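The sequence lines fix the lettering, A, B, ..., with proteins before strands; numbering per chain opens at 1. Basis for what follows: all heavy atoms, side chains included, without hydrogens, waters or symmetry-related copies. Keep in mind the model is a prediction, meaning the values are calculated, not measured.
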Amino acid sequence: MGDHEVETTEDQRTVRIGKLEALRETGVNPYPYKYDITHRSKQIIDNFEDLEESKLEVAAAGRLMSIRVMGKAGFCHIQDDLGQIQIYFKKDSVGDELYALYKQLDIGDIIGCRGKVFRTKKGEISIWAESFEILAKALRPLPEKWHGLKDVETRYRQRYLDLISNLDVKNIFLTRGKTIRSIRDFLDDKGFVEVETPILQPLYGGASAEPFTTYHNRLGMKLFLRIADELYLKRLIVGGFEKVYEVCKDFRNEGLDRAHSPEFTMVELYQAYADYNDIMELYRELIIYVTRETLGTSVLSYQDQEIELDCEWNRLPVLEAITKFTGIDSESLDDKELIKACKEKQIEIDESRGRGKIIDDIFKEKVQPNLVQPTFITDHPVEMSPLAKVHRNNPKLTERFQPYICGFEMGNAFSELNDPLDQRERFELQKQLSKLGDKEAQMLDEDFLRAMEYGMPPTGGLGFGVDRLVMLLTNQTNIREVLLFPQLKPE
RNA sequence: GGGGGUGUAGCUCAGUGGUAGAGCAUCUGCCUUUUAAGCAGAGGGCCGAAGGUUCGAUCCCUUCCACCCUCACCA
């Protein structure tokens with residue numbers, strides 16, 4: 001009696017440690033080495049008729065998600081990689097010793113079970129246990145079986161619990177895996193070669209962003225975590241690769257919000273002898289392919305919008321887009337007049353960082369939210385695009401495009417600048433922006449210019465964010481929902 | 001960084017200026033086809049942290065911490 005009183009005041013973890021010790025005392029190893037599985041839960045359910053007919057014994061394993069004991073018989077559900085299946089334990093079938101062990105099981109324990117399959121009176125396909133064993137004793141209780149784990153912070157900090165109790169969360173990451181797989185399949189099929197380039201870089205470049213810095217002790221040098229891999233992939237084009245891509249983790253030392261994570265995944269690709277028109281079509285085909293492979297349809301359902309991807313995509317030069325949505329004809333205005341026009345229309349702009357930044361501000365505020373249907377925004381002003389080739393018909397513009405879907409900027413692409421003297425001038429312009437206080441102005445990379453001076457073929461290039469693509473495919477509004485372990489402050 | 005919100009049992013959530021409640025989970029007993037199993041009983045809480053007001057604070061005030069939404073920054 002006294003012992004019971006002590007026991008009931010203990011928390012669930014302590015109770016389970018007690019059970020663990022009791023198991024060891026009876027010679028049961030609560031953490032054995034392996035278990036031979038013959039079927040996953042889904043295979044049993046899919047092949048039920050044959051398995052029942054043949055009276056074949058199956059062996060399945062998984063995590064206990066529910067237990068119902070009724071005196072001398074009981075049920076439980078185990079969950080494995082592919083789903084759940086019910087197990088029936090009958091004292092007469094498993095014997096007194098195992099039945100006593102069954103009654104000591106806790107939700108969360110991982111068990112393996114052998115038996116024949118059958119259908120219960122209520123019609124549920126189940127395994128009639130003939131034997132079972134504990135494969136791993138769980139010491140902590142799982143979240144509530146009905147409501148699951150809801151607390152967002154706990155879901156991110158303890159993603160393993162989120163994955164165990166929320167099936168739809170697991171599906172997001174299955175979709176993420178399929179997405180990356182299908183991107184590779186598509187590009188491989190088109191003859192692209194996958195490469196790997198440095199994450200630790202002595203100079204950073206290829207995008208406008210603040211970097212993370214680190215230090216190599218032995219070399220005694222500062223290094224940056226890459227913000228993009230563009231300049232390395234272009235060196236490979238110089239080196240004779242004609243179609244390359246990289247699935248790359250990039251790092252940007254900037255604010256976090258629902259569309260930005262300091263660590264994120266990009267795909268960059270470069271194709272020699274192509275221009276941005278070719279890349280536009282390649283991107284459209286890629287998105288349609290990936291969507292079909294992951295969702296089985298070319299229609300995206302995002303929030304309350306339905307978007308058919310398999311069609312002609314709108315194409316709209318950025319300055320025309322601004323005229324369309326604000327009435328401002330920026331080409332006919334000088335800088336002062338443009339700033340005045342913005343003030344009249346109450347558009348908030350940062351006028352200290354040059355004309356390119358002003359255009360960018362107007363675009364983000366007034367145009368971007370309207371770009372729900374797939375749209376290529378093209379031909380950005382040259383000040384905004386230091387790595388893009390000047391437009392063949394207009395020296396103030398570049399051959400550049402950014403695809404937009406559901407208001408998200410999905411990527412960035414150019415006819416790549418391959419004139420080394422022009423490229424040097426663009427870097428000089430960036431230096432001036434840096435002096436104006438633009439922390440994201442791009443650095444001059446002498447070796448990159450040297451490579452280009454050996455001759456880089458005309459090239460089309462593209463970078464796109466995988467996380468945002470997965471957000472669209474899984475109908476998520478926060479990037480953290482598509483990152484397994486999002487960045488959080490320490491507990 | 002600004003604005004708004006949340007933080008109570010392992011989980012999901014109620015609630016009150018007089019130190020707390022439900023369901024699930026846990027423990028004990030009964031129950032040989034149950035399924036959010038059932039029935040009977042029991043245990044479990046520094047009410048995010050630190051100050052303040054008060055006879056008395058989980059509740060009111062201040063500060064801090066974490067998370068969410070939003071704006072700003074940012075491809």
J.: Which value, in whole Å, describes the distance between the P atoms of nucleotides B:C60 and B:C73?
T.: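 To the nearest whole Å, 35 Å.
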J.: Which residues, if any, of residues 110-127 of chain A bring a heavy atom under 4.0 Å of RNA chain B?
T.: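 Contacts with RNA chain B under 4.0 Å: A:Phe118, A:Thr120, A:Lys121, A:Lys122, A:Glu124.
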J.: Which pairs count as side chain to side chain donor-acceptor pair (under 3.5 Å) when at least one residue sits in residues 462-479 of chain A, sequence neighbours excluded?
T.: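 Counting only pairs at least two positions apart or across chains, the side chain to side chain donor-acceptor pair (under 3.5 Å) contacts touching residues 462-479 of chain A are A:Arg176-A:Asp467, A:His260-A:Arg468, A:Gln303-A:Asn475.
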J.: Is the backbone of A:Phe363 close enough, under 3.5 Å, to the side chain of A:Asp360 for a donor and an acceptor to pair up by distance?
T.: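 Not a single qualifying donor-acceptor pair exists.
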J.: Could you go through nucleotides 8-13 of chain B and list every protein N or O atom that sits under 3.5 Å from one of its N or O atoms, giving the distance for each pair?
T.:
unit_1	atom_1	unit_2	atom_2	d
B:C11	O2'	A:Glu144	N	3.0
B:C11	O2'	A:Gly148	O	3.2
B:U12	OP1	A:Lys150	N	3.0
B:U12	OP1	A:Asp151	N	2.8

J.: A:Met70 has an atom CE; how far is it from atom P of B:G38, in whole Å?
T.: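 About 12 Å, once rounded to whole Å.
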J.: Considering every strand and a 4.0 Å limit on heavy-atom distances, what is the contact class for A:Arg140: base, sugar-phosphate, or nothing?
T.: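 No contact.
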J.: Should A:Tyr404 and A:Asn370 be marked as a side chain to side chain donor-acceptor pair (under 3.5 Å) after you check the CA-CA gap, both sets of side-chain angles, and the distance that decides it?
T.: CA-CA 10 Å; A:Tyr404 284 84; A:Asn370 299 304; over 6 Å; no
J.: Choose from B:C68, B:U26, B:U32 the nucleotide whose nearest atom is closest to any side-chain atom of A:Ala73.
T.: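 The answer is B:U32.
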J.: Nearest-Å distance, CD (A:Gln487) to C1' (B:C67)?
T.: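 One finds 15 Å between C1' of B:C67 and CD of A:Gln487, rounded.
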J.: Which atom names give the shortest non-hydrogen contact between A:Asn166 and A:Gly148, and what distance separates them?
T.: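 Scanning both residues, the minimum pair turns out to be OD1-CA, 4.2 Å.
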J.: Can you check the distance between B:C59 and B:A20, where both ends of the measurement are the C1' atom (answer in whole Å)?
T.: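 Nearest-Å result for B:C59 against B:A20 at atom C1': 12 Å.
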J.: Pick out the pairs of N or O atoms, protein on one side and nucleotides 1-4 of chain B on the other, that lie under 3.5 Å.
T.:
none

J.: To the nearest angstrom, how far is A:Asp109 atom CG from B:U26 atom P?
T.: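 Going from CG in A:Asp109 over to P in B:U26 covers 11 Å.
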J.: Kindly state each residue pair satisfying salt bridge (Lys or Arg N to Asp or Glu O under 4.0 Å) with at least one member in residues 120-134 of chain A, sequence neighbours excluded.
T.: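 For residues 120-134 of chain A: A:Lys116-A:Glu130.
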J.: Name the residue closer to the 5' end of RNA chain B, choosing between A:Lys90 and A:Leu105 according to the nucleotide with the nearest heavy atom.
T.: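 Result: A:Leu105.
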J.: Can you tell me, in whole Å, how much space there is between the P of B:U63 and that of B:C47?
T.: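 Straight-line distance between the two P atoms is 22 Å.
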J.: Considering the options A:Gln368, A:Met410, A:His380, which one meets the side chain to side chain contact (heavy atoms under 4.5 Å, CB included) requirement together with A:Gln402?
T.: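 With A:Gln402 as partner, A:Gln368, A:Met410, A:His380 yield a single side chain to side chain contact (heavy atoms under 4.5 Å, CB included), made by A:His380.
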J.: Between residues 465-476 of chain A and RNA chain B, which residues have a heavy-atom gap below 4.0 Å?
T.: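 RNA chain B contact set from residues 465-476 of chain A: A:Arg468.
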J.: Can you tell me if CZ on A:Arg13 sees more than 12 non-hydrogen neighbours from other groups inside 6.0 Å?
T.: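 No, because the 6.0 Å sphere around CZ of A:Arg13 holds 12 heavy atoms or fewer from other groups.
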J.: Between B:U19 and B:A9, how many Å separate the two C1' atoms, rounded to a whole number?
T.: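 Taking atom C1' in both B:U19 and B:A9, they lie 16 Å apart.
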J.: Just the rounded figure in Å: distance from C1' of B:U33 to CG of A:Asp92.
T.: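 Atom CG in A:Asp92 sits about 13 Å away from atom C1' in B:U33.
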J.: Extract the stems that RNA chain B is part of, considering only consecutive pairing runs of at least three Watson-Crick or G-U wobble pairs, both distances under 3.5 Å.
T.: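 So the stems come out as B:1-7 with B:65-71, B:10-13 with B:21-24, B:26-30 with B:38-42, B:48-52 with B:60-64.
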J.: Output yes when A:Arg235 and A:Asp229 qualify as a salt bridge under the 4.0 Å nitrogen-oxygen rule, no when they do not.
T.: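 No, A:Arg235 and A:Asp229 are not salt-bridged.
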J.: Is the NZ or CZ atom of A:Arg226 both under 6.0 Å from the centre of the six-membered ring of A:Phe264 and within 45° of that ring's axis?
T.: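 Relative to the ring axis of A:Phe264, which defines the angle, A:Arg226 lies outside at least one limit.
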J.: For nucleotides 19-22 of chain B, give me every protein contact, N/O to N/O, under 3.5 Å, one pair per line with atom names.
T.:
none

J.: Between A:Lys19 and A:Asp106, does at least one N-O distance fall below 4.0 Å, as a salt bridge requires?
T.: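 Yes, this pair counts.
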J.: Over all heavy atoms of both residues, which pair between A:Phe173 and A:Glu481 is shortest? Give the atoms and the distance, please.
T.: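 Closest approach of A:Phe173 to A:Glu481: CZ-O, 3.5 Å.
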J.: Is A:Arg140 atom CZ crowded by more than 12 heavy atoms from other residues, nucleotides or ligands, each under 6.0 Å away?
T.: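 No, CZ of A:Arg140 has 12 or fewer neighbouring heavy atoms, counting only those of other groups under 6.0 Å.
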J.: Centre-to-centre under 6.0 Å for A:Tyr204 and A:Phe212, is that the case here?
T.: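 So the answer is no for these two rings.
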J.: What do you reckon, is CD of A:Gln487 surrounded by more than 12 foreign heavy atoms closer than 6.0 Å?
T.: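 No, because the 6.0 Å sphere around CD of A:Gln487 holds 12 heavy atoms or fewer from other groups.
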J.: So, is A:Lys19 close to the B:U26 phosphate, meaning a side-chain N or O under 4.0 Å from OP1 or OP2?
T.: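 So the side-chain polar atoms of A:Lys19 never come under 4.0 Å of the phosphate oxygens OP1 or OP2 of B:U26.
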J.: If I pick the P atom on B:G43 and the same atom on B:G21, what distance separates them, to the nearest angstrom?
T.: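 Their P atoms lie roughly 12 Å apart.
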J.: Between residues 55-65 of chain A and RNA chain B, which residues have a heavy-atom gap below 4.0 Å?
T.: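 Nothing qualifies; none.
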J.: Please give, in whole Å, the distance from B:U33 P to A:Glu52 CD?
T.: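 From A:Glu52 CD to B:U33 P: 19 Å.
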J.: Determine the Euclidean distance between corresponding P atoms of B:A25 and B:G38; express it in Å to zero decimal places.
T.: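 Each nucleotide's P atom is 8 Å from the other's.
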J.: I'd like a list of close polar pairs between nucleotides 70-74 of chain B and the protein, N/O only, cut-off under 3.5 Å.
T.:
unit_1	atom_1	unit_2	atom_2	d
B:U70	OP1	A:Arg258	NH1	3.1
B:C73	N4	A:Asp257	OD2	3.1
B:C74	OP1	A:Arg353	NH1	2.5
B:C74	OP1	A:Arg353	NH2	3.2
B:C74	OP2	A:Lys357	NZ	3.1
B:C74	O3'	A:Glu254	OE2	3.4
B:C74	O3'	A:Glu440	OE1	3.3
B:C74	O3'	A:Glu440	OE2	2.7
B:C74	O2'	A:Glu254	OE1	2.1
B:C74	O2'	A:Glu254	OE2	3.3
B:C74	O2	A:His260	ND1	3.1
B:C74	O2	A:His260	NE2	2.8

J.: I'd like to know if A:Glu416 and A:Lys389 make a salt bridge, using a cut-off of under 4.0 Å between side-chain N and carboxylate O.
T.: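 A salt bridge is absent here (no side-chain N lies under 4.0 Å from a carboxylate O).
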J.: Before accepting this row, confirm whether a basic side-chain N of the pair A:Lys324/A:Glu320 lies closer than 4.0 Å to the acidic partner's carboxylate O.
T.: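 A salt bridge is absent here (no side-chain N lies under 4.0 Å from a carboxylate O).
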J.: Does OP1 or OP2 of B:A66 have a side-chain N or O of A:Lys489 closer than 4.0 Å?
T.: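 Looking at the OP1 and OP2 atoms of B:A66, one of them is under 4.0 Å from a side-chain N or O of A:Lys489.
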J.: Just how far, in rounded Å, is P of B:U34 from CD1 of A:Ile85?
T.: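 Rounded to the whole Å, the gap is 18 Å.
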J.: Of the listed nucleotides (B:A25, B:U33, B:C27), which one gets closest to any side-chain atom of A:Ile107?
T.: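 Between B:A25, B:U33, B:C27, the one nearest the side chain of A:Ile107 would be B:A25.
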J.: Sort and list the pairs that fulfil salt bridge (Lys or Arg N to Asp or Glu O under 4.0 Å) and have at least one residue in residues 58-68 of chain A, not counting sequence neighbours.
T.: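 Applying salt bridge (Lys or Arg N to Asp or Glu O under 4.0 Å) to every pair that reaches into residues 58-68 of chain A, excluding sequence neighbours, yields nothing.
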J.: Check A:Glu21 with A:Lys137, please: is the shortest side-chain N to carboxylate O separation under 4.0 Å?
T.: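 Salt bridge between A:Lys137 and A:Glu21, a charged N being under 4.0 Å from a carboxylate O: no.
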J.: Does any pair with a residue in residues 93-145 of chain A pass ring-ring contact (aromatic ring centres under 6.0 Å, His included), and if so which ones, sequence neighbours excluded?
T.: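 For residues 93-145 of chain A, and leaving out neighbouring residues, the ring-ring contact (aromatic ring centres under 6.0 Å, His included) pairs sorted by first residue read A:Tyr88-A:Phe118, A:Tyr88-A:Trp128, A:Phe89-A:Tyr102, A:Phe89-A:Phe132, A:Tyr99-A:Tyr102, A:Phe118-A:Trp128.
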J.: Rounded to the nearest angstrom, tell me the gap between atom NZ in A:Lys72 and atom C1' in B:U32.
T.: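 To the nearest whole Å, that distance equals 8 Å.
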J.: Within the structure shown, what part of the strands sits under 4.0 Å from A:Arg480 by heavy-atom distance: base, sugar-phosphate, or nothing?
T.: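 Sugar-phosphate only.
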J.: Tell me the interatomic distance from A:Ile479, atom CD1, to B:C68, atom P, rounded to whole angstroms.
T.: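 Distance check: A:Ile479 CD1 to B:C68 P gives 13 Å.
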